[in-house]
J.: 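This is the structure I have questions about; it appears just below.
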Amino acid sequence: MNLANWLHHTGLVRPDAPALRRGEVLHATYSTFAQRSCAVGDCLRSRFGIRRGDRVALFAKNSAEYLEVLYGALWIGAIIVPINHKLHPREAAWIIGNAEARLVFTDDGRIFTSLSDVVADCREIGLFTEELVGGLGASSRTTYSAPVAVEDDEVAWLFYTSGTTGRPKGVMTTHKNLRMMATSYALDVDTVSCRDHVLYAAPMSHGAGLYNFQFVRAGACHVIPDSQGFDAAEIEKLARALGSLVFFAAPTMIMRLLKHAQSSGYRGEGIRTIVYGGGPMYLADINNALDLFGPRFAQIYGQGESPMTITAMPRDIVADAEHPRAEQRRASVGTAQSCVEVRVVDQAMNERPVGEVGEVVVRGDTVMKGYWQNEAATAETLVEGWLKTGDLGSMDEDGFLTLTDRSKDVIISGGTNIYPREVEEALLTNEKVFEVSVVGSPHPEWGEEVVAFVVLNEGTACSTEELDAWCKTQIASFKKPKRYIFVPELPKNSYGKVLKTSLREQARA
Ligand code: AMP
């Protein structure tokens, strides 16, 4: 089934419901949204010769038009290739070339003029230029037809991994994968209603955009902030004005929202749910978030290879203070989502006992079809029907999964495994510490030594001795950092993920 059927359905059932807003201003109702997407599809087919299975890239900031083009491409069975707009055009060009995209939509249609050699055979079109808008004017006179039928295992979204190491890989995500992701959201993460306002504060090319589908089906209103990105004061304003605001945010964004709350006195009025994920949320930080905003947080753990759907923890469990292991649960990433099985295994794929660390593997309806034109990587990652996530974690007796680290981030010092996450959690309980990231660095005697990069809270001072004494009260002595490096900020990629590779280089230097 074509996922665009959901928009077609809502356009017919709730034609007058507000569908797309720019800030508080209405841009389209559901009938207009559906008709424009159908017209985009028509235009892609008739003007640009796009056929079912062709790749159409989107390298643009969040906008209402982004969603219209995304659905327009799906409408005719084309494959969308959303690319993070924060990437360098050269990085985007590499992805466009790898995906062999026929078209790339950009904001103004003029990004790739000097790169035509890199993106040969690909045409660039501005989302807001006459080339598309004019085409739409011509196409909208054609009849409004249902999306083309596609098979469940046809690729809908070619998702390029964020590539914290090496070149990104194209994850083939099918119509069924995304349908199951969206359906599981309603069962495992949070309720979805036509009264919701879903806000795009994070790039649509990643989690925030993936999560549009369930809200289209429910007839909720999609809100694109005027800033087209994350601005805490703007979120407060929109939440107060619109109400029932829901959005996906990486933990670093939540930290910025909490900073704003601390200085402005805002306590989350108008926000219904913030779904966090995409990187570790430390216990000290989520506790702080709950203190300030109350039970408004749900967590998901996923990766491009099983988009947004490995485990989840709904609001009531995140906020639960009664369960004997409430804090342990809150520090976890929750339990397996309803359409997947999740296990923790050893290298031979045997299940590890409760409480013991191993690699997290996933099997089920959201697991990708494979990597785009990369059979070797696919064979390494999909083993015996299971997706090897490369994440390490342990399962408790109730099925709550606690992530320790990516397997490549584990530090082996004196023959013992040290999980950076544990050291980071310990340091973050110190009130002077704002952010921290722990890595291993080569050491002649121990193999590797533990190095902590620390960002202090504004206006505070702290010595190495003080942090060392603090760690002594929190964790075993062999896990304590041997070096502390104070930095003004941590290096992060365009999705806000800490670049441990770059920290390892700095530690070595
Ligand atoms: P990506 O494919 O870019 O979405 O990155 C996925 C990776 O982000 C996962 O394999 C995890 O290492 C990490 N990640 C995602 N969600 C969480 C979470 N809730 N807690 C900790 N790490 C996470």
Side-chain angles (χ1 to χ4, degrees), residues 82-84 86-87 95 157-173 177-178 181 185 188-189 202-211 248-255 274-283 285-286 289 297-314 317-318 329-337 340 342 344 357 359-362 366-368 371 377 381 387-394 400-410 419-422 424-425 428 437 492-501:
I83 303 171
N84 188 340
K86 292 179 186 161
L87 290 186
I95 291 175
W157 183 313
L158 201 51
F159 176 101
Y160 275 81
T161 55
S162 45
T164 44
T165 51
R167 289 281 196 198
K169 293 192 281 287
V171 175
M172 293 191 284
T173 306
N177 288 154
L178 295 177
M181 171 203 73
Y185 179 95
D188 307 314
V189 184
M204 283 180 170
S205 53
H206 203 259
L210 282 164
Y211 265 175
F248 173 75
T252 48
M253 295 175 178
I254 295 183
M255 300 298 287
I274 303 174
V275 181
Y276 63 93
M281 174 64 114
Y282 302 98
L283 185 59
D285 292 336
I286 184 64
F297 298 90
Q299 183 179 200
I300 64 99
Y301 156 54
Q303 60 176 203
E305 291 80 349
S306 183
M308 311 300 270
T309 319
I310 299 177
T311 62
M313 188 155 43
I317 310 274
V318 173
R329 287 180 163 196
R330 197 178 296 152
S332 79
V333 290
T335 57
Q337 292 200 38
V340 289
V342 179
V344 170
V357 173
E359 182 172 3
V360 179
V361 295
V362 192
T366 47
V367 171
M368 65 167 178
Y371 292 113
T381 310
L387 164 70
K388 297 185 79 190
T389 62
D391 290 320
L392 295 181
S394 61
F400 282 78
L401 175 71
T402 297
L403 289 185
T404 39
D405 290 279
R406 301 281 304 161
S407 48
K408 62 180 176 7
D409 292 334
V410 172
Y419 299 108
R421 171 94 187 239
E422 223 186 312
E424 289 160 357
E425 294 271 11
L428 273 166
S437 186
K492 291 179 185 149
N493 74 5
S494 49
Y495 287 115
K497 286 182 202 280
V498 174
L499 292 167
K500 290 210 168 190
T501 319

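Whatever order the structure lists ligands and atoms in, that order sets their numbers, starting from 1. These numbers come from the heavy atoms of this one structure, side chains and all, not from hydrogens, waters or symmetry mates.
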J.: Given the rule in the side-chain hydrogen bond (donor to acceptor under 3.5 Å, both in side chains) test, do N84 and Y160 qualify, once you have shown the distances and angles that lead to the verdict?
T.: CA-CA 9 Å; N84 188 340; Y160 275 81; over 6 Å; no

J.: Heavy-atom contact check, 4.0 Å cutoff: does H206 meet ligand 1?
T.: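 In this structure, H206 qualifies as a contact of ligand 1 - some heavy atom is under 4.0 Å.
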
J.: So which heavy atom in the protein is nearest atom 5 (O) of ligand 1, and how far is it from that ligand atom?
T.: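 The protein heavy atom lying closest is K497 NZ, 3.1 Å.
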
J.: For atom 3 (O) of ligand 1, find the nearest protein heavy atom and state the residue, atom name and distance (0.1 Å precision).
T.: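 Atom 3 (O) of ligand 1 sits closest to the protein heavy atom S162 OG, 3.1 Å.
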
J.: Where is the nearest protein heavy atom to atom 16 (N) of ligand 1: which residue, which atom, and how far?
T.: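 That would be G278 N, 2.9 Å.
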
J.: Pull out every atom of ligand 1 sitting under 4.0 Å from any heavy atom of V333, numbered as shown with elements.
T.: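 Answer for ligand 1: 18 (C), 19 (N), 20 (N).
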
J.: Apply side-chain hydrogen bond (donor to acceptor under 3.5 Å, both in side chains) to residues E305 and Y371 and explain how you reach the verdict.
T.: CA-CA 9 Å; E305 291 80 349; Y371 292 113; 2.6 Å; yes

J.: Of L403, V342, T366, which is the lone residue that meets side chain to side chain contact (heavy atoms under 4.5 Å, CB included) with I310?
T.: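 It is V342; the other options fail the test.
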
J.: Any side-chain to backbone donor/acceptor pair from T381 onto A377? Under 3.5 Å, distance only.
T.: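 A pair under 3.5 Å: yes.
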
J.: Which part of R406 is near ligand 1, with near meaning a heavy atom under 4.0 Å away: side chain, backbone, both or neither?
T.: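 The side chain, only.
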
J.: Using a strict 4.0 Å cut-off to heavy atoms of G302, name the atoms of ligand 1 that fall inside it.
T.: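 Under 4.0 Å from G302, ligand 1 has these atoms: 6 (C), 9 (C), 15 (C), 16 (N).
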
J.: Under a plain distance cut-off of 3.5 Å, with no hydrogens placed, do Y419 and D409 share a side-chain donor-acceptor pair?
T.: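 Their side chains do not contain a donor-acceptor pair, so the 3.5 Å distance test is not met.
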
J.: Give the atom numbers and elements of ligand 1 that come within less than 4.0 Å of a heavy atom of Q299.
T.: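 Close to Q299: 18 (C), 19 (N), 20 (N).
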
J.: How far is atom 10 (O) of ligand 1 from the closest protein heavy atom, and which atom is that?
T.: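 Checked against all protein heavy atoms, atom 10 (O) of ligand 1 sits closest to D391 OD2, 2.6 Å.
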
J.: What residue among V171, V367, L210 forms side chain to side chain contact (heavy atoms under 4.5 Å, CB included) with P307?
T.: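 It is L210; the other options fail the test.
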
J.: Using a strict 4.0 Å cut-off to heavy atoms of I300, name the atoms of ligand 1 that fall inside it.
T.: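 Numbered from 1, ligand 1 contributes 16 (N), 18 (C), 19 (N).
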
J.: At what distance is the nearest protein heavy atom to atom 20 (N) of ligand 1, and which residue and atom is it?
T.: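 Sorting protein heavy atoms by distance from atom 20 (N) of ligand 1 puts G279 O, 3.2 Å first.
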
J.: Between E424 and K500, is there a side-chain N and carboxylate O pair less than 4.0 Å apart?
T.: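 Salt bridge: yes.
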
J.: Below a 4.0 angstrom heavy-atom separation, can you tell me which part of T161, side chain or backbone, both or neither, approaches ligand 1?
T.: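 The answer is neither; T161 stays 4.0 Å or more away.
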
J.: Does a salt bridge link D405 with R421, judged by any charged N lying under 4.0 Å from a carboxylate O?
T.: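 Here D405 does not pair with R421 in a salt bridge, since their nearest N and O are not under 4.0 Å apart.
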
J.: For atom 2 (O) of ligand 1, which of the options S306, G393, G304, S332 provides the nearest non-hydrogen atom?
T.: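 Answer by nearest heavy atom: G304.
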
J.: Measure the distance from atom 6 (C) of ligand 1 to every protein heavy atom, then report the residue, atom name and distance (to 0.1 Å) of the closest one.
T.: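 So the nearest neighbour among protein heavy atoms is Q303 CB, 3.4 Å.
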
J.: For the residue pair H206 and F159, categorise the inter-ring angle as parallel (less than 30°), tilted (30 to 60°) or perpendicular (more than 60°).
T.: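 Geometry flag for F159 against H206: tilted rings.
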
